There are 2 protein chains.
Amino acid sequence: MDIFKIQIEGINKESKQLVQKRKIIALLNKAETALPIPVICRGVRISVPTGTKLLNELIEDQIIVEAGKIETDNGRRPVVYKVNPQCGYIVGVEILLKRISVSIFNIEMKEIFEAKDKEFVLENTQDCLAQVLTFIEQCIVSSELETNKFLGVGIGITGRVNAMTGESYNYFNFLENGLTSFISQRLNLPVFIDNDTHVLGISELFFGKAKDARNALVVNLSRGLGLAIIMNGELISGDRGFAGEFGHMQFGDSTKLCICGKRGCLGMEVSGFALEERFKESVENGESSLLLQKNSTDRIRYDSILQAAWQGDALSISLLHEIGIKLGKALGNIVNLLNPGLIILGGKFAIASDILTDSIKSGMTHTALSQPLRSCSIMFSETGADPGLKGAGAQVLYHYGLI
Amino acid sequence: MDIFKIQIEGINKESKQLVQKRKIIALLNKAETALPIPVICRGVRISVPTGTKLLNELIEDQIIVEAGKIETDNGRRPVVYKVNPQCGYIVGVEILLKRISVSIFNIEMKEIFEAKDKEFVLENTQDCLAQVLTFIEQCIVSSELETNKFLGVGIGITGRVNAMTGESYNYFNFLENGLTSFISQRLNLPVFIDNDTHVLGISELFFGKAKDARNALVVNLSRGLGLAIIMNGELISGDRGFAGEFGHMQFGDSTKLCICGKRGCLGMEVSGFALEERFKESVENGESSLLLQKNSTDRIRYDSILQAAWQGDALSISLLHEIGIKLGKALGNIVNLLNPGLIILGGKFAIASDILTDSIKSGMTHTALSQPLRSCSIMFSETGADPGLKGAGAQVLYHYGLI
DNA sequence: TGTAGTTAATAAAAAAATTAATAAACTTGT
DNA sequence: ACAAGTTTATTAATTTTTTTATTAACTACA
């Protein structure tokens with residue numbers, strides 16, 4: 001897919017036309033529907049004859065295809081065009097602590113191949129890296145798609161990641177030139193990377209509820225606690241990609257020691273892990289719960305507690321309320337600091353929206369100023385299955401300016 | 001200055017060339033030195049003949065001027081060009097609680113007229129607004145510059161401001177269409193506005209130490225406490241312009257009631273106001289200070305305490321240390337959240353850099369994670385006089401894409 | 001059913017921009 | 001001091017793009 005790779009090159013004879021071609025592709029890809037020539041030409045600010053010429057060349061290259069005619073109120077009906085869904089493919093990879101998933105998307109981000117939740121143990125070793133690579137390679141082969149049509153690989157991985165340099169600090173940090181350049185060389189494809197929470201943010205930004213918001217927070221509340229910050233319509237990475245370390249915000253009353261070495265980290269009070277701990281404590285103090293009928297206390301994971309809360313278990317609900325209020329207080333502080341128009345609660349906790357929403361809101365009133373609070377709405381993520389995986393893949397489109 | 005106003009209009013016959021002309025102007029204005037034709041043409045990606053043609057038209061319009069020839073290692077010596085400093089002027093206005101300042105800058109942001117620190121009381125009244133307007137008008141007249149050469153007015157004002165809509169929420173909020181459109185109509189000039197802290201951030205971003213930083217925090221520590229956040233090289237305003245309400249971060253141990261109605265606001269512990277309060281308390285508890293020799297406790301303002309600290313007064317220094325540690329703790333939290341590469345301490349407290357720097361750093365270690373902390377340096381503002389005023393004016397250049 | 005009105009697409013003419021060629025100005029090395 | 005090499009600046013030739021004009025396709029209404 002040579003046309004997508006031009007942008008890096010300097011000025012040459014073809015460059016300007018190729019830039020315009022890429023603009024056409026981007027316009028069509030961003031548009032919800034197929035577009036007619038006049039609209040395309042207005043969109044990229046060129047005349048109809050040149051636009052038509054470029055479009056025909058793109059059709060010749062099978063990058064753009066006709067999509068029939070559309071109804072109009074009056075006048076000749078225009079032929080509309082869209083990007084050929086088969087013109088390019090994207091690999092999305094999600095590497096979590098205990099499982100790895102790969103999806104292959106077409107250029108419209110429709111999933112056309114999947115190999116999800118393969119059991120796996122993430123370790124900072126050469127061997128583990130080799131496993132990841134062969135799994136990705138296998139998926140590409142199994143998909144039976146033309147290899148020269150792959151545009152790139154987008155990876156989401158737990159831990160701290162520098163999206164700019166392509167380094168992963170916690171895992172595979174033994175590589176000299178960073179993780180992306182290593183994988184890129186091996187697969188002979190451009191590779192982009194970010195951490196699991198940021199990738200979730202990308203998903204919300206382009207496909208979820210943050211689509212129309214210029215300033216939003218995406219909370220990733222699962223076993224851990226993370227935050228993706230979107231400001232001025234862009235994901236905020238910070239200087240080294242560390243932005244969003246919400247779980248280590250020193251805001252809690254708890255004196256529990258966090259793995260980071262400090263006490264009072266928010267993640268020790270607001271997270272799936274914290275929910276499990278608090279559940280155990282409560283049971284030890286004699287409280288009862290529906291969950292105890294089936295399992296012993298040790299085996300109860302936060303997923304089960306969330307489900308129990310949904311089924312009406314009083315203990316689980318009250319624990320969730322506690323968490324909601326604490327999360328709300330912390331978010332209120334960030335609302336003062338960043339004045340987001342929207343907060344999206346994502347991650348595994350999103351299913352507990354009914355129980356959490358009011359407690360978060362009430363927590364926020366404790367800390368947030370009334371003006372920024374009034375202009376900030378709270379929503380729960382409703383993206384389809386595996387939003388992180390889709391966001392991981394979307395990095396590729398984002399870097400090509402196609403989204 | 002018609003050429004600067006084109007960008008708003010739609011597509012017309014001249015539009016494309018004017019866009020290129022604006023690019024040339026922007027390139028020359030951003031460059032430190034005057035540039036020769038080949039460099040300009042490479043910079044805006046046009047050929048030498050067209051570039052020369054456009055340049056000559058700009059010279060005809062007196063927007064660009066020749067700036068002699070430069071020495072080169074070999075080959076014919078090129079003529080270099082720069083933006084005519086007299087081609088356009090900018091009005092910067094700073095409206096604080098007790099004083100108002102106006103400066104007029106040329107397009108290089110050199111100050112060519114000033115009327116600073118006029119005594120004044122900011123009130124939310126028609127009368128006060130009229131005073132502001134006549135003062136600005138007077139300054140424009142006194143400057144004796146051609147009125148048609150003014151590019152716009154940039155305002156910095158205390159209180160909460162929506163830079164996008166041009167509304168000021170705390171002052172002059174009785175206007176129907178926002179403050180900027182009102183002043184714009186009266187002065188017949190484009191008007192841009194932001195709050196005093198954001199304007200300070202703009203100053204650091206374009207002329208100060210944040211020039212080369214893509215992610216920075218600018219702390220405005222004077223009688224109040226504010227924060228300007230720069231991420232991805234842009235000032236973060238948030239959804240309604242409220243971003244940076246650092247002073248109301250709920251992070252303190254103090255139980256003092258803040259004007260916002262909450263307790264525990266950081267501004268009640270870290271600010272000039274807080275310094276005055278703590279000084280009073282300490283003296284009442286029997287501590288001594290150099291300052292007491294001259295003034296009664298009631299009359300001592302934070303400026304004096306800062307100066308006393310600089311002169312070695314033990315009480316003042318220890319109070320500053322307290323403030324520094326608290327500020328550092330709060331900043332550490334933000335470092336975790338946003339991973340800035342640079343923190344600039346500006347405002348009146350900047351002169352106490354020697355005393356504050358270590359305590360801020362030690363405070364940060366309490367809350368910040370080691371990784372983001374390591375990549376974050378702390379500096380003290382060293383911009384010239386009235387950085388806020390310069391930042392206010394710079395808004396105009398920023399909106400024209402000339403900076 | 002036919003005509004006026006509207007928009008799309010194509011073809012021809014005009015304008016604009018680029019490349020190529022050339023002249024001018026300057027440095028360096030012999 | 002003068003030829004060779006470099007870079008800038010100007011002019012001429014070629015290519016590209018846009019305007020303008022024309023034809024095609026369709027709706028609405030009489």
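Please read all numbers here as calculations on a predicted model, not as lab measurements. Protein chains get the first letters and strands the later ones, always in sequence-line order, with residue 1 at the start of each.
- Put simply, CZ on A:Arg45 is 24 Å from P on D:dT16, counting in whole angstrom units.
- A donor-acceptor pair shorter than 3.5 Å cannot be found between the side chains of B:Ser181 and B:Ser184.
- Listed nucleotides: D:dC26, D:dT18, C:dA17. Nearest to the side chain of B:Thr50: C:dA17.
- At the phosphate of D:dC26, OP1 or OP2 sits under 4.0 Å from a side-chain N or O atom of A:Lys69.
- Side-chain N or O atoms of A:Asn232 include none that pairs as donor or acceptor with a backbone N or O of A:Glu234 at under 3.5 Å.
- Of the possible polar contacts, none joining the B:Ser103 side chain to the B:Glu114 backbone as a donor-acceptor pair under 3.5 Å is found.
- In this structure, the CD1 atom of A:Ile70 is 17 Å from the P atom of D:dA25, given to the nearest Å.
- Minimum atom distance to the side chain of A:Pro38 is reached by C:dA8, of the listed D:dT17, D:dT6, C:dA8.
- Going from atom CZ of A:Arg42 over to atom P of C:dA9 covers 11 Å, rounded to whole Å.
- Between the side chains of A:Gln62 and A:Asn84, not a single donor N or O lies within less than 3.5 Å of an accepting N or O.
- Whole-Å rounding puts the B:Ile37 CD1 to C:dA25 P distance at 15 Å.
- B:Arg77 has a side-chain polar atom (N or O) that falls below the 4.0 Å cut-off from OP1 or OP2 of C:dT27.
- Nearest to the side chain of A:Arg76, among C:dT10, C:dT18, C:dT7, sits C:dT7.
- Looking at heavy-atom distances under 4.0 Å, A:Val48 makes contact with a base.
- Rounded to whole Å, atom C1' of D:dT7 lies 16 Å from atom CG of B:Leu35.
- Residue A:Gln20 places its side chain closer to D:dT17 than to any other of D:dC26, C:dA9, D:dT17.
- Within 4.0 Å of B:Pro36, counting heavy atoms only, lies no atom of the nucleic acid at all.
- Here C:dA25 presents its P atom at 16 Å from CD of B:Glu71, a figure rounded to the nearest Å.
- In this entry the distance linking NZ of B:Lys53 with C1' of D:dA9 reads 17 Å, nearest Å.
- Residue B:Pro78 has its side chain nearest to D:dT8 when only C:dT27, D:dT8, C:dT19 are considered.
- Side-chain atoms of A:Gln17 lie closest to D:dT17 of the nucleotides C:dA17, D:dT17, D:dT18.
- Mapped onto DNA chain D by nearest heavy atom, B:Thr52 and A:Ile46 fall at different nucleotides, with B:Thr52 at the one closer to the 5' end.
- Ring geometry, A:Tyr400 versus A:Phe192: the interplanar angle exceeds 60°, so the pair is classed perpendicular (tilted spans 30 to 60°).
- Following rounding to the nearest Å, A:Glu57 (CD) and D:dT16 (C1') show an atom-to-atom distance of 12 Å.
- With the nearest nucleotide of DNA chain D identified for both B:Pro49 and A:Gly51, B:Pro49 has the one nearer the 5' end.
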